[in-house]
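Every chain is numbered from 1, with letters handed out A, B, ... down the list of sequences.
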2 protein chains.
Amino acid sequence: MKNAPDPKADLSAQIAQAIRDAIVEGRMIVDERLPSEAELAEQFSVSRPTVREALKRLAAQSLIRTARGAFGGAFVNHLRYEDAYGQQITTSTLLLSMNAVSFETACEARYALERACTPLAADRRGPDHLATMRAEIHRQSQAGLSDEAFCASDVAFHRALVDAAGNPVLSYQLAGAVEAMQPLMNMITFTARSREAIVRLHSRIADALQAHDAAAAESALHELEAYTQTLGRDVMAARAARAGQ
Amino acid sequence: MKNAPDPKADLSAQIAQAIRDAIVEGRMIVDERLPSEAELAEQFSVSRPTVREALKRLAAQSLIRTARGAFGGAFVNHLRYEDAYGQQITTSTLLLSMNAVSFETACEARYALERACTPLAADRRGPDHLATMRAEIHRQSQAGLSDEAFCASDVAFHRALVDAAGNPVLSYQLAGAVEAMQPLMNMITFTARSREAIVRLHSRIADALQAHDAAAAESALHELEAYTQTLGRDVMAARAARAGQ
DNA sequence: GGCATTTAAATGTCTGACAATTTGATTGGC
DNA sequence: GCCAATCAAATTGTCAGACATTTAAATGCC
């Protein structure tokens with residue numbers, strides 16, 4: 001199709017794009033071996049280092065993997081969920097930090113997405129999901145927990161909620177939204193009182209899912225979003241006040 | 001923190017990871033210039049080609065950009081939404097095709113995510129969003145439209161719906177879900193009758209958003225999901241029958 | 001002072017070589 | 001004949017040095 005190589009791009013970028021197209025369009029199947037670097041260099045009429053740079057670009061996106069030795073080489077990679085998770089989280093985190101997305105916008109997106117999972121989660125949650133959520137709630141109730149640990153537990157709780165929907169595509173899409181929020185959440189100082197409020201809402205969510213009550217879970221999530229927004233606004237106000245002094 | 005360089009990884013991968021950590025952890029800020037390749041080579045005690053491969057890895061993830069010439073070099077990239085979109089779509093598409101995700105699972109995820117946008121979209125949709133949706137509906141009504149063009153218009157319609165929520169983070173997260181479905185949707189042959197049904201549901205969604213009626217939009221989306229699932233099941237059944245012959 | 005030229009710095013590319021690693025065949029011992 | 005150790009071949013990983021290309025700043029001319 002789009003066989004027009006961008007003339008302004010570097011050679012290594014053009015070659016990477018050509019191979020990427022071949023993979024994405026299905027002309028190369030999973031675990032198929034690419035020609036050796038020397039052969040590719042000849043095919044594209046470039047030198048081996050140039051081919052290597054192209055292959056490294058693809059390797060960075062987990063599209064290929066390489067192995068040394070005889071019968072080694074570059075292979076079309078079977079993209080696993082965990083690889084995709086990692087990339088999505090990195091990209092989402094950077095996007096949030098670099099575009100200076102407001103706490104409000106990120107929070108709104110995150111909870112909107114989580115509510116999308118709720119009806120499915122209420123339907124399909126298994127005992128393991130509930131157990132994870134209960135365990136994280138218990139951890140969050142412990143005194144002396146650092147703010148970072150509280151945040152991490154919060155993420156684990158919400159991931160369990162997402163996973164309870166039993167849809168790997170949904171879990172993948174939401175991994176970025178939930179994890180990327182963590183740096184923003186880490187700016188918040190969780191007082192004993194706010195922790196108590198969050199734990200209570202988490203419990204309500206777990207209870208609702210256990211009772212297969214999607215509406216109750218959604219309502220609790222709405223309240224949690226509102227409460228989180230309040231906490232975020234307080235932090236931002238405090239920051240602004242400090243900066244204005 | 002994790003200053004333990006993975007000894008089994010390639011040098012170029014280790015260097016890429018070191019620089020990536022520096023960027024992600026904020027030790028390098030946006031638009032800051034990295035040392036030249038020669039300086040990096042000296043710092044890490046490796047050769048220039050090795051450094052270059054590391055930089056290409058980062059460039060593939062849009063973490064850095066490079067410029068030639070005096071005062072050129074590698075700069076920490078300001079990750080724009082469109083860059084992130086592209087990466088997410090590529091990753092999502094591959095993930096769906098390689099893990100052989102069922103049409104059902106992908107479809108369920110997509111519509112669940114879209115419904116997450118609906119309340120916000122009903123609240124904030126502007127005249128431009130409605131105009132885009134109406135235009136795409138009009139295109140979809142035209143006879144003689146190829147299935148690919150119909151699918152592309154469908155994607156455009158749904159992207160307008162997502163964008164109407166007015167939350168860039170949400171738009172980013174959903175870009176992958178909506179676009180990655182397109183190859184799966186392209187397997188469907190849209191008859192005149194099914195197109196008519198889809199157009200009618202699209203119109204109901206646009207009407208509902210125009211009336212700020214989130215519930216009506218959600219209900220239409222539910223019906224659209226059910227109808228799409230039916231179409232998908234028919235295709236799969238036909239395929240299975242053909243394969244079984 | 002403004003414009004064309006030069007120059008320097010940096011990335012992009014090439015060539016050739018060697019090191020490291022893995023697989024498969026060969027060879028030797030029993 | 002069978003098994004193990006060894007060796008050869010193929011391939012990626014790394015290095016060194018060189019040249020081409022591009023870009024912006026410095027310089028000189030008018």
Side-chain angles (χ1 to χ4, degrees), chain A residues 5-20 22-23 28 30-78 83, chain B residues 4-20 22-23 28-78 83:
Chain A
D6 196 343
K8 62 177 168 295
D10 298 332
L11 280 178
S12 68
Q14 288 179 41
I15 294 167
Q17 191 58 50
I19 300 175
R20 180 167 21 237
I23 296 175
M28 306 208 65
V30 167
D31 290 337
E32 187 177 342
R33 187 178 171 282
L34 276 72
S36 72
E37 296 177 353
E39 287 175 274
L40 286 172
E42 199 175 358
Q43 279 184 32
F44 289 103
S45 305
V46 297
S47 68
R48 226 189 104 205
T50 304
V51 169
R52 281 184 64 76
E53 287 180 9
L55 293 180
K56 294 307 164 202
R57 294 178 118 106
L58 301 177
Q61 296 178 303
S62 304
L63 264 73
I64 62 170
R65 64 177 186 283
T66 54
R68 282 161 75 151
F71 278 66
F75 297 84
V76 179
N77 197 21
H78 182 102
D83 297 329
Chain B
D6 196 343
K8 63 178 169 294
D10 296 334
L11 279 178
S12 69
Q14 288 179 41
I15 293 167
Q17 190 58 50
I19 299 175
R20 179 165 23 236
I23 296 175
M28 306 209 65
I29 58 169
V30 167
D31 290 336
E32 187 177 341
R33 186 176 171 284
L34 275 72
S36 72
E37 295 177 353
E39 288 176 275
L40 285 173
E42 200 174 359
Q43 278 185 32
F44 288 102
S45 306
V46 297
S47 68
R48 222 189 111 205
T50 304
V51 168
R52 281 183 64 76
E53 287 180 9
L55 293 180
K56 294 307 164 201
R57 294 178 118 104
L58 300 177
Q61 297 178 304
S62 304
L63 264 74
I64 62 170
R65 65 175 185 283
T66 54
R68 282 162 76 152
F71 280 66
F75 298 84
V76 178
N77 196 22
H78 183 103
D83 297 330

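- Considering all non-hydrogen atoms of both residues, Arg57(B) and Ser12(B) come closest at NH1-OG, 2.8 Å.
- When all heavy atoms are compared, the tightest approach of Arg33(B) to Gly72(B) is NE-O, 2.8 Å.
- For Ala22(A), the side chain to side chain contact (heavy atoms under 4.5 Å, CB included) criterion is met by Arg27(A), Met28(A), not counting sequence neighbours.
- Of all the heavy atoms in Ala16(A) and Leu58(A), the pair that sits closest is O-CD2, 3.6 Å.
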Side chains of residues 59-70 of chain B: which donor-acceptor pairs under 3.5 Å do they make with residues two or more places apart or in other chains?
| unit_1 | atom_1 | unit_2 | atom_2 | d |
| --- | --- | --- | --- | --- |
| Gln61(B) | OE1 | Arg20(B) | NH1 | 2.1 |
| Ser62(B) | OG | Gln87(B) | OE1 | 3.1 |
| Arg65(B) | NH1 | Asp31(B) | OD1 | 3.3 |
| Arg65(B) | NH1 | Val76(B) | O | 3.3 |
| Arg65(B) | NH1 | Asn77(B) | OD1 | 3.4 |
| Arg65(B) | NH2 | Asp31(B) | OD1 | 3.1 |

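- Rounded to an integer number of Å, the gap from Arg52(A) CZ to dT11(D) P is 14 Å.
- Applying the salt bridge (Lys or Arg N to Asp or Glu O under 4.0 Å) definition to pairs two or more places apart or across chains, those involving residues 36-46 of chain A are Glu37(A)-Arg48(A), Glu37(A)-Arg52(A).
- Annotation: side chain to side chain contact (heavy atoms under 4.5 Å, CB included) contacts of Ala41(A) (sequence neighbours excluded): Val51(A).
- Heavy-atom minimum distance, Val30(A) versus His78(A): CG1-CB, 3.7 Å.
- For the pair Asp10(B) CG and dT11(D) P, the interatomic distance rounds to 18 Å; values are reported in whole Å.
- Protein chain A contacts DNA chain C over a range whose 5' and 3' limits, counting nucleotides with an atom under 4.0 angstrom from a non-hydrogen atom, are dG12(C) to dT23(C).
- Axis orientation changes by 20° from one end of the helix from dG1(C)-dC30(D) to dC30(C)-dG1(D) to the other, with each end axis drawn from 5 pairs and the value rounded to 10°.
- The structure places NZ of Lys56(B) at 5.0 Å from CD of Glu53(A), a figure rounded to the nearest 0.5 Å.
- At a non-hydrogen distance threshold of 4.0 Å, Thr66(A), Ala67(A), Arg68(A), Gly69(A), Ala70(A), Gly73(A) from residues 65-73 of chain A come into contact with DNA chain D.
- Here Ile15(B) contributes atom CD1 and Gln43(B) contributes atom CD; the two are 10.0 Å apart, rounded to the nearest 0.5 Å.
- Listed here is the closest heavy atom pair of Phe71(B) and Phe75(B): O-CZ, 3.9 Å.
- Nucleotide dC19(D) holds its C1' atom 15 Å from the CD atom of Glu37(B), rounded to whole Å.
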Close N/O contacts between protein and nucleotides 15-18 of chain D (under 3.5 Å):
| unit_1 | atom_1 | unit_2 | atom_2 | d |
| --- | --- | --- | --- | --- |
| dC15(D) | OP2 | Ser47(B) | N | 2.9 |
| dC15(D) | OP2 | Ser47(B) | OG | 3.1 |
| dC15(D) | OP2 | Thr50(B) | OG1 | 2.7 |

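- If you take CD of Glu42(A) and P of dT11(D), they are 13 Å apart, rounded to a whole angstrom.
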